[in-house]
Amino acid sequence: MDALIPRPPARLGPGAVHRPGWLPKEQQRQLVTACREWAAGPVPLRHTRLPRGGVMSVQTVCLGWHWQPYRYTRTAGDVNGSRVAAFPEWLAELGRRALADAYDDPDAGEGYDPDTALINFYDGRAKMGMHQDKDEQSGAPVVSLSIGDTCLFRFGNTTTRGRPYTDVELASGDLFVFGGPSRFAYHGVTRVFEGTGDPATGLASGRLNITLRVTGLTD
Ligand code: SIN
Ligand code: MN
């Protein structure tokens with residue numbers, strides 16, 4: 001739904017920017033369609049297994065490189081052994097546009113060449129604990145796009161899981177970028193507000209989050 005109260009762009013830290021409603025509805029729809037295809041395979045959307053047993057409450061599918069705690073590989077040894085789907089050039093281009101807009105600098109996306117995406121699906125009960133994205137060997141920014149139900153996103157600091165942090169609602173179409181000194185900030189999703197998404201995106205329920213990253217890895 002469009003917000004009744006305008007949500008202005010916000011800077012949550014140096015290099016950390018929230019751009020509400022950045023992605024037009026039509027592009028959200030296209031991304032949902034693409035995510036649905038990626039969710040089908042070659043490595044299917046599934047709950048990632050954690051090293052101590054247990055599974056994550058979100059469901060994930062990766063592009064380019066397969067992430068599992070706490071490394072990237074080309075094939076999904078913890079799922080079905082298949083190589084993950086390729087990272088498409090159009091998604092890298094979207095990432096470059098995202099950086100230019102987030103940082104209000106037409107050159108900010110220059111040279112940004114993400115090679116992996118983690119696509120996370122949250123149902124109404126899914127959450128993500130406070131963590132750093134630190135399995136990448138690159139300090140290039142993370143570009144995050146949200147579609148579907150609104151969530152409460154907690155963006156913290158680079159030294160502890162705890163305070164200081166800021167809670168911000170990420171709604172459908174919102175862009176969040178964390179780069180520069182905020183690249184390795186702790187962050188998490190504390191809750192999803194079920195039924196707040198617009199089914200016109202093609203997502204009848206739940207929340208999709210797509211993060212673009214540069215792994216810094218080579219084969
Ligand atoms: C993540 O931390 O990888 C996902 C964050 C989100 O779902 O907004
Ligand atoms: Mn993360």
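Please read these numbers as outputs of a predicted model, since none were measured by experiment. When a ligand or atom number is given, it counts from 1 through the structure's own listing order.
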In sequence, state the C-alpha distance, the side-chain angles, and the governing distance for Ser205 and Glu194, and then conclude on side-chain hydrogen bond (donor to acceptor under 3.5 Å, both in side chains). CA-CA 7 Å; Ser205 66; Glu194 264 185 296; over 6 Å; no
Under 6.0 Å between the ring centres of His66 and Tyr72? no
Quick one: which ligand 1 atoms are inside 4.0 Å of a heavy atom on Arg207? 6 (C), 7 (O), 8 (O)
Any carboxylate oxygen within less than 4.0 angstrom of a Lys/Arg side-chain nitrogen, looking at Arg7 and Asp174? yes
Is it the side chain (CB and beyond), the backbone, both or neither of Tyr122 that lies under 4.0 Å from ligand 1, heavy atoms counted? side chain
min-distance N/O/S atom, Asp133 vs the Mn ion (ligand 2), resolves to OD1
Could you tell me, atom by atom, which parts of ligand 1 come under 4.0 Å of a heavy atom of Asn209? 4 (C), 5 (C), 6 (C), 7 (O), 8 (O)
Which atoms from ligand 1 have a heavy atom of Arg213 less than 4.0 Å away? 3 (O)
Would the Phe155 and Phe176 ring centres measure less than 6.0 Å apart? yes
Any chance you could lay out the ring pair (Phe, Tyr, Trp, His ring centres under 6.0 Å) test for Phe178 and His187, step after step, and finish with the verdict? CA-CA 10 Å; Phe178 48 107; His187 58 278; 4.7 Å; yes
Polar contacts were defined as any N/O atom of the residue lying under 3.5 Å from an N/O atom of the ligand; does this apply to Ser146 and ligand 1? no
For Val189, the ligand 1 atoms whose distance to one of its heavy atoms is below 4.0 Å: 6 (C), 7 (O), 8 (O)
Does any N/O atom on Thr211 come nearer than 3.5 Å to any N/O atom on ligand 1? no
side-chain hydrogen bond (donor to acceptor under 3.5 Å, both in side chains) between Arg207 and Ser146, worked out: CA-CA 7 Å; Arg207 168 177 187 259; Ser146 295; 2.8 Å; yes
